[in-house]
Amino acid sequence: MTTLQSDSHTWNLVFLQIHLEGLGYDVVNLGPCVPDELIVQECRRRVPDLVVVSTLNGHGVTDGLRVIRRIRSIPAMSDKPVVIGGKLGVGGRQPLHVVAKLVDSGYDAVFDDGAPMAEFDRYLHRVVARHQRAVSSAGGTG
C-alpha cells in the first residue's frame, strides 16, 4: 500500500493497514509522499498480490494515471490487481468518465471519495476468491 508522491497523509494509510491486517492480510506500507520510482522498485522486488494506492490531497487522478502506467510496465505486475481510492480530485466525487479513465489506464478498481469500506471489502473478497480458484485450477495448494 502506498500514497502518491504529492500526498503526505498518513492517517489514511494507518487506517487501511489496520483494516487489512484485521482481515488477515500481510501489509507492506510504503508510507506518505512515495516517489514513483520507489513504488516501481517495490513492485519489481516484491511482486505483491495487490497494490492499494490511497490519496487524500486531491491529485489522485493526475498522479494516479502516471503511477499506474509505470506499474503496468512491469511484466510481473501486468495481471496483478491495483486499486486506487480516496479523494481523487479537489472537487469531491469524480465524474464517471474520470473513473473510467483510471480503469482504462490499468486500475482494476477505483474507490472514489466517500465510497463505503464495505465496497472495498467486497472487492477484496472477489479478488481472493478469484486467486484461490486460479491456484486450485493450476494444481496449487492455495
For a 4.5 angstrom cut-off between non-hydrogen side-chain atoms, does [X] reach [Y]?
X    : Y   : result
H59  : D7  : no
Y123 : P81 : yes
M77  : V51 : yes
V28  : P48 : no
T55  : D63 : no
D121 : H19 : yes
L124 : Y25 : yes
L102 : I68 : no

Would you kindly confirm whether [X] and [Y] end up in one hydrophobic cluster when ILVMFWY residues are joined by side chain heavy atoms under 4.5 Å apart?
X    : Y    : value
L50  : I71  : no
V127 : V110 : no
I74  : V67  : yes
V53  : L65  : yes
V103 : L88  : yes

Exercise for review: State whether R72 and D108 are salt-bridged, where the test is any N-O pair (Lys NZ or Arg NE/NH1/NH2 against Asp/Glu carboxylate O) under 4.0 Å.
Suggested key: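 D108 and R72: salt-bridged.
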Review point. In terms of side-chain geometry, is the basic nitrogen of D104 or K101 positioned less than 4.0 Å from the acidic oxygen of its partner?
Key: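 Here D104 does not pair with K101 in a salt bridge, since their nearest N and O are not under 4.0 Å apart.
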Atom pair [atom1]/[atom2] of [X] and [Y] - distance to nearest 0.5 Å:
X   : Y   : atom1 : atom2 : value
C43 : L30 : SG    : CG    : 8.0 Å
R66 : T62 : CZ    : OG1   : 8.5 Å
E21 : L16 : CD    : CG    : 11.0 Å

Point to revise | Over 12 non-hydrogen atoms of neighbours within 6.0 angstrom of CG in D26 | key: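 Counting other residues, nucleotides and ligands, CG of D26 stays at 12 neighbours or fewer.
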Do you know which two heavy atoms are closest between [X] and [Y], and how far apart they sit?
X   : Y   : result
S6  : N57 : O-ND2, 2.7 Å
L4  : G64 : CD1-N, 3.9 Å
D36 : Q5  : N-OE1, 3.4 Å

Going by atom type alone, with no hydrogens or angles, which donor-acceptor pairs under 3.5 Å involve a side-chain atom of residues 111-120 and a protein atom two or more places apart or on another chain?
unit_1 : atom_1 : unit_2 : atom_2 : d
D112   : OD2    : Q94    : N      : 2.4

Point to revise | Side-chain donor/acceptor of T3 to backbone N/O of G31, under 3.5 Å | key: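 Pair found, side chain donor or acceptor close to backbone of G31.
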